[in-house]
Amino acid sequence: MIQEHLPLITGKGSYIDDISPKNVVYLSVVRSPIARGIIKRVSKPENALISLTWEDVKIYMPARLFPDLARNAQVAKMPVLADDRVNFVGQPILAFAVDDRYKIEDVAEEVSIDYEELKPVVDPEESLNAEPIHPGLKTNISIDQFLEGGNLSLRSKADVVVSRKIKQHRIVSNPMETKGFICWWENDVLNVYVSTQAPFGVKNDLREVLGISPEKIRVYSAPNVGGGFGNKSGGYPEYVLAAIASLKLGKPVKWIETRSEMLVNTQSLGRGEVSDMKLYATRDGEILGIEGTIIANIGAFDYGIGFIAPLFIARLSNGPYKMKFASIRALGVFTNTPPMGFYRGAGRPEAALIHETLVEDLAEELGMDPVEIRRKNLIGDNGYITPLGVRIDPAGYNEVLDTAEKYYRKAKEVYNDKGVSIITFAEIVRTSPGEGARVKIENGKVNFYLGLGPHGQAYASTFRRLASEVLGISQDKIEIMTGSSEIVKEGIGSFGSRAGTIGGSAVIAAATELLKKINVNSLSEGDLTKYEGIEAEVFYKADDMFAPGAHVAVVDVDEETGFIKVLEYYAVDDVGRVMNKIEIEGQIIGGVLQGMSQVIIEAMRYDERGIPLCSSIADCGVPTALEAPLKVNTDYVEYPSQLLSKSRGVGEAGTTGALPAVFIAVEKATKRKFDRTPIDPWLITS
C-alpha cells in the first residue's frame, strides 16, 4: 500500500470542512433560479451578520484571454455577484454570513428577489444566430479564429473525404469532496485554507480580484483534498465573497459548497462542444489533412477554460498523425449555462474523439484494417510538427500501437460477436512553464517543499523516491511538504497531467542544487547534522510534451434495452518512466471510467428555459460499479522524456483514450453511427 493512502482509507484524513477556526462564521450564496433575466428588486435578509449584493462589491472575476485573442474577442467578464442581470441557473446574486451553519436555510428564505424572465439561449449552435445574451455585444460569439497551416492545396488532391458531426453534452466534474474555503485577516494579511489543486492559482486570482499585493495573501491547501478533476484549479466568486465578508466582520469565514450547488456552479461543468469536421486522404490510405469547425459552449461569461477550449481542441485534432494541412474555424460562444470549467482532459478527449472517429470512418470507406491505417499515418518516434505548429516531442508512438495491436487481435478472436475498437492518441502534458521546489536540511532530515499538492495522487511517495536516488540517503530521511503558497517562491499546480512529472523533475533539480551547494556527490545520514540549515531553491523550467497511448475497448450492447456494457478494456500508455506503478494504474483506470461514462451515461441537460434537468448526483449519470468496465488492463511503454524525471504524465490518458475507444466500440457493436455523447439507450433502440 502507498504510505499516504493509509490515513485516507482508515478514515483518519483531514479535509477542508474538518478545519474550524474559533469564532468562524458561515457564508451562503443565494443563486438565480432562472437562466436569463433582469433583476428588478433584491430584499436582503434581516437575520444575517452581513449581506452582500452587487452594489456592495462591484467587481469581476478574471478573464484570462491571450493577448492575440483579446484584440478580436467579445469579452464578457463574470461579476462576482450578479449586477442587474442573471445569465445562468446558479449564478450568485446575494451572499450572507451567519454564526451557525444550521441557520443558513432559514435565513436564505428571508431573501426576496424579483425577476423579469427573458428567453435563454442554451444550445451552442442556436447561439450563433440568437439575440446576444449580453447587452452591448453584437453577437453571442466571444472567440472566432481560423487556424490554418500546411499545404492547403492538397484538398483538391484528395481521393476520399469523410466527415463527422458530433455533439458532446456538458458533464459535471463530481469529485467526492465539493469545494471549500476558509479565510481570515490578520495584521492586514489574508490567510486562506482551501480545497485546491493549485494554491498559487487561488492566490493569483484573489490578488487580481481584490487588488492586494501578493505578500498580503497566504494560501494553504487542506491536509487532504478529496478529488478535483480540474474543478479546483483556481479562484471562485465564493472565495472572493468570503474574503470580503471576513474583512468586514473581523472573523474567520467558511464556505462549503453543497452538492446541489456544484451541479450548477461556475467551472463545475466541462465538455459541451460541437465539432463538424472532414478528413482528406488518398485512395491508398494516406491522410492529407483535416478541415472543419469546432464550437465550444463557453457558458455565460469569459471565465474558466472558455477562452482557450475551442483553440486547444482545434490544435490537438491533428492527433498523432502525419497530416499535411489543417484548416479549422474555432468558436467560443456564450450561452445561458454556467461558465465552462476544466474537466479531466479539458480538450484532449474531445480532440481524440474527433480524429479517431474520422480515421475509423476512413478505414471503413477504404476497406482497410483499423490498425494498418493508423500505422501508415502515425508520426515517427522522433516527433513531429503539425500543420498548426504544435511540436510533438519524441516518444513511443509506434511501440504503444504495436503493443495494443496484440490485445486487439486477441480480443477480436475471443469476442468475435462484440464491438471491438482500437484507437491511438497523443496526450499533451502541461509541464510548461515548469514548477518550483525548495529543499532544506533540518532536524536530521532533508525536507522538500512544493507549492503543488495532491488531490488523490501519491506525490509524496514518488518525490521521496526520486530525492533518495539523487541524494543517496534512505527515503526515511526525506520528508515532502506540499500545497502552500508560503513554502516556495513560485509554484503552478497539479492539473493537466503535470504534477508527478514536472514536480518530480523540480525535486531532482532541487536535490542536485543542494549537493552542488555543499560540493558533494551524495549524502550520508551522518552528513545531515553536519549540513544542518543548508537549503536550495529552484524553479525547473520545461515546455509541454506528449504522452502517446493506444487503447482497445470491448463492448456489448443489449439491442432490446439499448444498455451498453464495457466487457474489457486495454490501455497501453507511454509513461516515460514508471515511477510509481500502483499510482499509474489507479490514475489510468480512474480516467478510463470517466471517459467511458461520458459515452454511456453522463450528461448535464437543460430544458427550453435553461433549467438543468439534473437535480442530484445520480441524475447527471455518475457511474457506479455496475456501469464500470468489468476489467481494465494496463500496460506501459517507457520511452524516457527529456525532463529530469524521465516520466510522462498519465492523469488524463485514460479519459482521453476511453472516450473514442468506447464510442467506436459501440458503433462496431451496433453497426450504426452516432452523432452525440452520451449514446443514450433510446438512440440504440430507435
Side-chain angles (χ1 to χ4, degrees), residues 4-5 7-9 11 13-19 90 170-182 193-199 201-202 221-236 238-239 254-271 304-305 338-346 349 452-459 482-483 493-500 583 586-598 601-604 612 614 616-625 627-628 650-652 654-655 658:
E4 54 261 50
H5 288 175
L8 303 181
I9 63 175
S14 179
Y15 296 85
I16 187 66
D17 204 19
D18 295 319
I19 302 171
R170 284 276 189 88
I171 51 177
V172 183
S173 58
N174 260 312
M176 293 180 69
E177 179 199 37
T178 58
K179 293 186 286 293
F181 183 91
I182 303 167
Y193 276 88
V194 59
S195 179
T196 186
Q197 301 169 226
V202 173
S221 177
N224 299 115
V225 175
F229 306 133
N231 144 306
K232 297 178 181 176
S233 297
Y236 284 85
E238 293 85 356
Y239 300 178
K254 175 189 279 194
W255 174 72
I256 302 296
E257 184 180 45
T258 66
R259 183 64 60 177
S260 59
E261 283 182 304
M262 171 165 276
L263 295 176
V264 298
N265 211 341
T266 57
Q267 295 197 67
S268 290
L269 292 91
R271 310 296 188 257
I305 196 178
M340 178 190 285
F342 300 81
Y343 178 72
R344 193 173 193 168
L452 57 78
H455 50 287
Q457 304 87 349
Y459 294 147
T482 62
S494 174
F495 51 84
S497 304
R498 72 188 308 275
E583 182 59 26
Q587 287 294 312
I588 291 176
I589 291 174
V592 166
L593 178 62
Q594 288 180 286
M596 173 276 305
S597 64
Q598 183 183 344
I601 193 172
E602 286 197 69
M604 171 58 86
C614 299
S616 71
I617 193 171
D619 292 339
C620 60
V622 173
T624 68
E627 289 83 29
V650 295
E652 293 153 314
T655 314

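Since this is a predicted model, take the numbers as computed values, not measurements. Along the sequence shown, residues are numbered consecutively beginning with 1.
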Any sub-3.5 Å donor-acceptor pair from K179's side-chain atoms to W255's backbone N or O? no

Apply side-chain contact (heavy atoms from CB on, under 4.5 Å) to the pair E177 and V225, showing each step before the final yes or no.
CA-CA 7 Å; E177 179 199 37; V225 175; 4.2 Å; yes

Between atom [atom1] of [X] and atom [atom2] of [Y], what is the distance when rounded to the nearest 0.5 Å?
X	Y	atom1	atom2	answer
N224	H455	CG	NE2	13.0 Å
I171	C620	CD1	SG	9.5 Å
E257	I16	CD	CD1	12.5 Å
S233	Q197	OG	CD	4.0 Å
N174	S268	CG	OG	8.0 Å
I19	Y193	CD1	OH	6.5 Å

Set of side-chain hydrogen bond (donor to acceptor under 3.5 Å, both in side chains) partners for [X], sequence neighbours left out:
X	answer
E4	S461
Y343	Q594
Q587	R344, E583
S497	E427, E652

Any side-chain heavy-atom pair of [X] and [Y] under 4.5 Å:
X	Y	answer
Q267	Y236	yes
T655	V592	no
L269	M340	no
V194	Y239	yes

| request: Would you please test I256 and Y15 for side-chain contact (heavy atoms from CB on, under 4.5 Å) and show each step? | output: CA-CA 11 Å; I256 302 296; Y15 296 85; over 6 Å; no

Work out which heavy atom in [X] is nearest to a heavy atom in [Y]; give both atom names and the distance.
X	Y	answer
L452	S494	CB-N, 4.2 Å
P223	S14	CB-O, 3.5 Å
I305	A346	CD1-CB, 3.6 Å
A499	G493	CB-O, 4.3 Å
A603	C614	O-SG, 3.4 Å
P175	G228	CB-N, 3.6 Å

List the residues meeting salt bridge (Lys or Arg N to Asp or Glu O under 4.0 Å) with [X], not counting sequence neighbours, and say none if there are none.
X	result
E627	none
D619	none
E238	R31
R170	none

Sorted by chain and number, sequence neighbours left out, ring-ring contact (aromatic ring centres under 6.0 Å, His included) with Y459 holds for F463

Set of residues satisfying ring-ring contact (aromatic ring centres under 6.0 Å, His included) with respect to F229, sequence neighbours excluded |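 F229 satisfies ring-ring contact (aromatic ring centres under 6.0 Å, His included) with no other residue.
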
| said: Quick one about K232 and S195 (side-chain donor to acceptor, distance below 3.5 Å, no hydrogens or angles considered), yes or no? | reply: yes

* Is there a side-chain contact (heavy atoms from CB on, under 4.5 Å) between I617 and V172 once you walk through the steps? -> CA-CA 9 Å; I617 193 171; V172 183; over 6 Å; no

*How would you list, by chain and number, every residue that makes a side-chain contact (heavy atoms from CB on, under 4.5 Å) with S597, sequence neighbours excluded?*
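Here the qualifying residues are I601, E602, P623.
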
Those residues at least two apart in sequence (or on a different chain) that pass side-chain contact (heavy atoms from CB on, under 4.5 Å) with T258 are S260, E261

